[in-house]
Amino acid sequence: MDDFSPQHFRSDKKAVLNESLRATLEKLDEENRMNGIIDLINSLDGAREDFESALWAAYALNNLDTYESYLQAEKWLKGVEKEGMQSGIWHYRYSVALAWQGKFDEALSAIERGTQVEPSWPWGWLQLARMQYHAGRKDDASRSVSVGLKLVPGDCEFLTLKAAIENGTDSESVLGHYITAADNTGSASSRRIARLKREKRQYETKQARQSLIGRLNQYHIDKDFTRIVNDISAVPSAERGYELTVRLARAYNNLGEYTRAIESLESVRAQSKNDAGWHFHMGAALYYLGRMPPAKAEFERVLELDPEDGDAWQYLAWCCDATGDTSPLLGSEAKVPRPPETSGNPERPVLYTEPELAIIENYITDNFGDYDFVFHELFSPDIHVDIVIINPTPRRPFHTLVTIGMGAYKMNVPANLRNRKLDRAEMLICLPSTWDVNSNEEKWYWPLRWLKIMARLPMTNHTWLGWGHTVPHEKPFAENTKLSAMMLINPGLFFMDREPSDCILPGGDIVHFYQMVPILSDELEYKQSHDANKLIALLDEDAIIVDPHRLSVCPSTERKTRTIVPDNPKNLLVNWKGPEGCLATDRIMVDGCKVGYMYREKPDEGMPDSGWRFTAGDESAEYMTDPDRAGIYSINTVCNIDPDIIPLLDSPYGTAWLRDETGHFRQVPLDPGENGPLQ
């Protein structure tokens, strides 16, 4: 049993939940709609830091009874750990979440603390008895059951557990935090444990695949194609799937092993019909093997799927040059046409017709969400640009701002792309739920300003904007950010569960919707020296949903000399009395990662060295032996990047701390005979 309301609930923070929300949550609980509880809590600002909200979230997640839901419950509870230390119900839910992840020792320790903190709450003793019995402490479990029965005489769960202990039932059968009465059998409990173990393996496999993809991306940036081949080849061919197979072929191409690239690509041809990347890699392999006619056909297919792929245009031209052939895709005009002689603005702004406007509005509603508010433009010298604001929802917890009006003007698209209907576009940008979209302060207003700037740029400069294009600014957009350029991408966040659809006007023209992503100066340089696809592969949700304070996603090899050390670091070592020198890897000081593993060794005598060594925790052995991958810094500088380390700095020599999956540090042993990974 898990009564929701704790006996003691105090918080100095402003409550996130009110009586109406509590009533809604209780109703959802009565209807056993756990996902509804989670969606509601997720939609509330400040819920992650609110004790009562976190308890509700953990309650629902524990009752979803999946391995990943127990992981999420643990994370919610760790977020309010400070208040939870005084709550029996917090320890109860935390122990349950840990136990069903297989972290039995931690679950036992947690519930032992819970019964000490709140000994009058009976269900803590129930969980304690189960965990003690599972640990082989039968006598202790019996005593815990006795305490529980004094608090709730005759309770069925305590009596059932008492009988199971006396009968010597196997420990897995009595482990259960019973979700339903049907689970209250030994066989059901064993099946459940087996299911959760299977889900854990699946989750770990998925995490391992994501980790592999991250490594492969870095190897590709480093041009270490042999390691790509080795790592993918280590995955059994039956388990590689389409993505890894195509990546393997790309690596073979980069190593000059074109026949092997073709063999890999042929093995997944059935899935490749609409993948421009597959056709590009096949075309490249054929081209370098001297098989020009089939290579030409592949590059034509690439350009049918992605007409803005500049490399494919070049290869297609080379194929035609080599064979003396022509292609209908290669027009006579290879350059962007000159602007028209008359460059003045029209006397009246360019507008959509009423039928066109209705299609645009319906497309926005169907694909990006309903909107209740529109920033109407009062004065429109050239085109009329309104901005609709779509508020955050549980499914999409961010503001979406979309222009209406830019696409009324046909952009000056290059001649060889004119038949691709790329001449009409609208812009959108995604802002976090905490963004003040109604403020006129520049730190809040600049995204709206830039929606209008980008909407007018094609007309004022007689040019065009499309996927992958970037527009630089001579300085950061506002005083509170270093973001200083805009890049256009497809709004993939809105089409993760379905294919994107075209917005087709009555005359057959297509209006393309591009998402504006603000980027940093070194990201702009990276995109210009590589290409848009390579930069987009590095971007994560923190970039796609605007974060004015985010760090660069560029690899350290591109910006080794540009550390993230603030220009005016705060003095955070107020009471520090020892030497301030320390070692830190580039993963922290250049890439901006949090400290993941830190340890303190005894420094050489007479050196201004604190002994502290800071790593992100994901560095390879090869990385750690490269002297160019680490540097000497002041501890205060590292504290400015990751203040979480400050409470641990007084630890003695020989101490090591590891940040676990919940984001919190836990002490781990360090062999005193070793100096650790930083040599």
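One is the number of the first residue; the rest follow in order along the sequence. What you are looking at is a predicted structure, and each value in this text was computed from that prediction instead of being measured.
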### Query
Within a reach of under 6.0 Å around CG of D105, are more than 12 heavy atoms found that belong to other residues, nucleotides or ligands?
no

### Query
Does the pair K103/D660 count as a salt bridge with the N-to-O cut at 4.0 Å?
no

### Task
Take K78 and E106, measure what salt bridge (Lys or Arg N to Asp or Glu O under 4.0 Å) needs, and give me the verdict at the end.
CA-CA 13 Å; K78 288 292 286 185; E106 294 177 59; over 6 Å; no

#### Entry: Min side-chain heavy-atom separation F477-E442 under 4.5 Å
no

### Rounded distance (nearest 0.5 Å) linking atom OG1 of T481 with atom NE2 of H549
7.0 Å

### Validation row, ring centre F513 to ring centre F494 under 6.0 Å
no

### Query
Which heavy atom in N367 sits nearest to a heavy atom in R396, and how many Å separate them?
O-NH1, 3.4 Å

### Query
Just checking, is any N or O donor in the side chain of D140 or Y133 under 3.5 Å from an acceptor N or O on the other one?
no

### Task
Check whether any side-chain heavy atom of L539 sits under 4.5 Å from a side-chain heavy atom of M487, and report yes or no.
yes

### Task
Could you tell me whether the side chain of Q101 and the main chain of A97 form a donor-acceptor pair under 3.5 Å?
yes

### Query
Within the distance-only criterion (no hydrogens, no angle test), does the side chain of S43 pair as donor or acceptor with the backbone N or O of L40 below 3.5 angstrom?
yes

#### Entry: CA sep, side-chain torsions, deciding dist, call: H91, M85, side-chain contact (heavy atoms from CB on, under 4.5 Å)
CA-CA 7 Å; H91 284 90; M85 285 294 102; 3.8 Å; yes

### Heavy-atom side-chain proximity of Y59 to D29 below 4.5 angstrom
yes

### Query
Between K27 and E31, is a salt bridge (Lys or Arg N to Asp or Glu O under 4.0 Å) present by the stated rule, with each step listed?
CA-CA 6 Å; K27 178 68 172 174; E31 297 171 357; 3.6 Å; yes

### Query
Sub-3.5 Å donor-acceptor pair from the side chain of E49 to the main-chain atoms of G79, do we have one?
no

### Message
Aromatic contact between W657 and F665, with the criterion being ring centroids under 6.0 Å apart: yes or no?
### Response
no

### Task
Return yes when atom NZ of K162 has more than 12 non-hydrogen atoms of other residues, nucleotides or ligands closer than 6.0 Å, and no otherwise.
no

### Query
Atom CG in L448, atom CD1 in I387: separation rounded to 0.5 Å?
4.5 Å

### Task
State, yes or no, whether a side-chain contact exists between D155 and L126 at a heavy-atom distance under 4.5 Å.
no

### Task
Quick one: list whatever passes side chain to side chain contact (heavy atoms under 4.5 Å, CB included) with A47, sequence neighbours left out.
I41, L44, S53, W76

### Task
Apply the test side-chain hydrogen bond (donor to acceptor under 3.5 Å, both in side chains) to residues Y70 and D65: give CA-CA distance (whole Å), side-chain angles for both, the deciding distance (0.1 Å), then the verdict.
CA-CA 7 Å; Y70 289 120; D65 192 31; 2.7 Å; yes

### Query
Judged by atom type as modelled, is there a donor-acceptor pair below 3.5 Å linking the side chain of W467 to the main-chain atoms of Y514?
no

### Message
Do N35 and L64 make a side-chain contact, defined as non-hydrogen atoms from C-beta onward lying under 4.5 Å apart?
### Response
yes

### Message
Using only atom types and a distance under 3.5 Å, with no angle test, would you say the side chain of Q515 pairs donor to acceptor with the backbone of I544?
### Response
yes

### Task
Taking the side chain as every heavy atom from C-beta outward, state whether F104 and L108 have any pair of such atoms under 4.5 Å apart.
no

### Message
With side-chain contact (heavy atoms from CB on, under 4.5 Å) as the criterion, how do E157 and R130 come out once you've worked through the C-alpha distance, each side chain's angles and the decisive distance to 0.1 Å?
### Response
CA-CA 11 Å; E157 284 196 90; R130 288 172 174 154; 3.0 Å; yes

### Query
Distance-only, no hydrogens or angles: does the N167 side chain make a donor-acceptor pair with backbone N or O of T169 under 3.5 Å?
no

#### Entry: Minimal non-hydrogen separation, A73 against N62, with atom names
CB-OD1, 3.4 Å

### Query
Short question: side chain of D642, backbone of D644 - any donor-acceptor pair under 3.5 Å?
yes

### Task
Could you tell me whether a side-chain N or O of T403 sits under 3.5 Å from a main-chain N or O of M427, the two making a donor and an acceptor?
yes

### Message
Tell me if a side-chain donor or acceptor on T115 pairs with a main-chain N or O of G124 at a distance below 3.5 Å.
### Response
no

### Task
Without swapping roles, check the side chain of Y352 against the backbone of G407 for a donor-acceptor pair under 3.5 Å.
yes

